[in-house]
Amino acid sequence: MDKVVECKMTKLLSIGDSVVDYYKYKNTIFPGGNALNVAVVSAHNGAKNNGYMGIIANDYYGAFLRKTLEEECIDISKVRYAIGESPVACVKIDKEGDRIFEGSNIKSRITSGLALRFAPEDIQYINQYDIIHTSIDSHIESQLHLIGHKQISFDFSTKEKWNDDILKQVCPHLTFAFFSGSGMEEKDIYTLISKVAELGVPTIIVTRGEKSTIAYQENKFYFQHPQLIKVVDTMGAGDSFIAGFLTFYTDSKSMEFALRKGAASASRTCQLEGSFGKGELIYEEED
């Protein structure tokens with residue numbers, strides 16, 4: 001068992017997506033989105049003074065996301081607020097606790113027509129942080145060269161969301177690359193890791209759900225078994241792994257230690273509803 005370690009990492013900034021996950025069968029909404037989740041769960045793991053930069057709508061769901069971030073003491077001073085619909089994903093959970101997406105407002109959400117772009121004052125703000133995290137769903141690939149002097153963590157998500165062109169565009173700017181390897185053959189995962197390493201990424205991590213995570217750094221592979229727990233809801237587990245890993249790797253520089261902390265963070269999330277709890281009932285069923 002790892003000793004209790006105080007996280008000394010000064011700041012982590014997440015840039016990009018925030019989403020409302022709507023559990024229709026129980027009339028409850030939860031905060032979500034990779035960037036938002038990593039900022040909040042990293043703070044739960046002990047990181048201090050975290051921030052979130054993204055676009056939040058001015059509707060009911062946007063107010064819910066803003067309230068959540070404020071309650072979690074995440075700095076949102078550089079959030080943009082826009083008139084329109086928040087991204088909302090309809091979700092159900094099967095008997096094994098796996099999430100199933102049933103649809104979203106992808107065509108009408110504000111992020112379908114708006115994209116985050118950095119102003120000079122944003123770069124000054126970003127420079128205050130030790131690690132910058134973003135994702136394929138944040139759509140700031142064209143902006144990464146402006147912050148390439150920072151340690152950047154990037155979540156590519158599942159294989160359906162990236163291709164070779166995206167890897168070539170994004171990887172040269174990264175310190176950490178995360179992938180969801182669920183549904184990938186093991187040989188394809190090793191091919192991917194080799195390709196990403198050749199593109200210059202020092203640390204590559206592929207999570208695989210209930211299978212062992214495969215990580216690579218400095219010509220060495222690492223493997224981390226998931227912690228065995230009773231799963232309530234897998235929503236946000238991969239984001240929580242990223243948050244736990246980044247929080248503890250920054251101080252320890254130990255892959256083994258940070259991977260264990262990532263697995264522990266993911267297992268805690270799997271025992272909660274939503275990505276980190278904080279559900280809100282939005283209406284009562286009529287009798």
Side-chain angles (χ1 to χ4, degrees), residues 12-44 50-72 74 76 78-93 98-116 133-141 153-158 160-162 178 180 182 207 233-243 266 269-270 272-282:
L12 178 145
L13 174 66
S14 280
I15 301 176
D17 57 319
S18 56
V19 177
V20 169
D21 293 317
Y22 174 39
Y23 288 37
K24 186 176 181 180
Y25 68 96
K26 60 188 310 172
N27 313 316
T28 301
I29 55 175
F30 293 89
N34 175 268
L36 184 148
N37 289 343
V38 170
V40 171
V41 180
S42 172
H44 290 178
N50 283 2
Y52 169 75
M53 179 189 293
I55 302 172
I56 293 180
N58 69 333
D59 59 2
Y60 168 80
Y61 298 116
F64 169 67
L65 293 173
R66 180 174 182 173
K67 180 185 72 171
T68 298
L69 288 163
E70 290 173 339
E71 289 175 349
E72 295 289 343
I74 304 300
I76 55 173
K78 289 296 182 179
V79 165
R80 278 71 156 165
Y81 298 98
I83 297 172
E85 292 182 25
S86 296
V88 179
C90 293
V91 180
K92 73 176 182 180
I93 306 300
D98 290 327
R99 67 189 186 278
I100 300 172
F101 290 103
E102 296 188 305
S104 71
N105 61 341
I106 190 168
K107 292 183 179 180
S108 58
R109 62 177 58 176
I110 55 168
T111 47
S112 293
L114 296 175
L116 192 66
H133 176 75
T134 188
S135 78
I136 194 75
D137 293 318
S138 300
H139 308 297
I140 64 164
E141 292 87 350
S153 161
F154 193 98
D155 180 25
F156 288 89
S157 189
T158 57
E160 294 80 17
K161 292 190 176 184
W162 52 265
F178 292 90
S180 172
S182 298
T207 58
D233 182 354
T234 61
M235 177 69 76
D239 302 341
S240 292
F241 188 103
I242 293 170
T269 288
C270 288
L272 301 170
E273 289 187 306
S275 296
F276 51 87
K278 292 282 185 177
E280 181 172 292
L281 188 68
I282 59 171

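- Using a 3.5 Å distance cut-off with no hydrogens or angles, the side chains of D137 and N34 do not pair a donor with an acceptor.
- Of the possible donor and acceptor atoms, one in the side chain of N58 sits under 3.5 Å from a partner among the backbone N and O of G84.
- In this structure a side-chain-to-backbone donor-acceptor pair under 3.5 Å is present from S14 to A35.
- Side chain of N50 to main chain of L12: a donor-acceptor pair is present (N/O by atom type, distance under 3.5 Å, no hydrogens or angles).
- For the pair R66 and Y81, the cation-pi test (distance below 6.0 Å, angle within 45°) is passed.
- Note on E102 versus K24: no salt bridge recorded, every NZ/NE/NH1/NH2 to OD/OE distance being 4.0 Å or above.
- In this structure, Y23 and F30 have tilted ring planes: the angle between them lies in the 30° to 60° band.
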Run the side-chain contact (heavy atoms from CB on, under 4.5 Å) test on V40 and L69 for me, step by step, so that the C-alpha distance in whole Å, both residues' side-chain angles and the decisive distance to 0.1 Å come before the verdict. CA-CA 8 Å; V40 171; L69 288 163; 4.2 Å; yes
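- For the pair S138 (side chain) and I15 (backbone), a donor-acceptor distance under 3.5 Å is present.
- A donor-acceptor pair under 3.5 Å is formed between the side chain of R80 and the backbone N or O of K78.
- One side chain, S135 or D17, offers a donor N or O that lies under 3.5 Å from an acceptor on the other.
- Remark: the backbone N or O of A237 is not paired with any side-chain donor or acceptor of T269 at under 3.5 angstrom.
- Counting non-hydrogen atoms of other residues, nucleotides and ligands closer than 6.0 Å to CD1 of I106 gives a total of 12 or fewer.
- No more than 12 heavy-atom neighbours from other residues, nucleotides or ligands sit within 6.0 angstrom of CD1 on I83.
- Between T111 atom OG1 and H139 atom NE2 the span is 6.5 Å, to the nearest 0.5 Å.
- In this structure, the side chain of T68 engages the main chain of F64 through a donor-acceptor pair within 3.5 Å.
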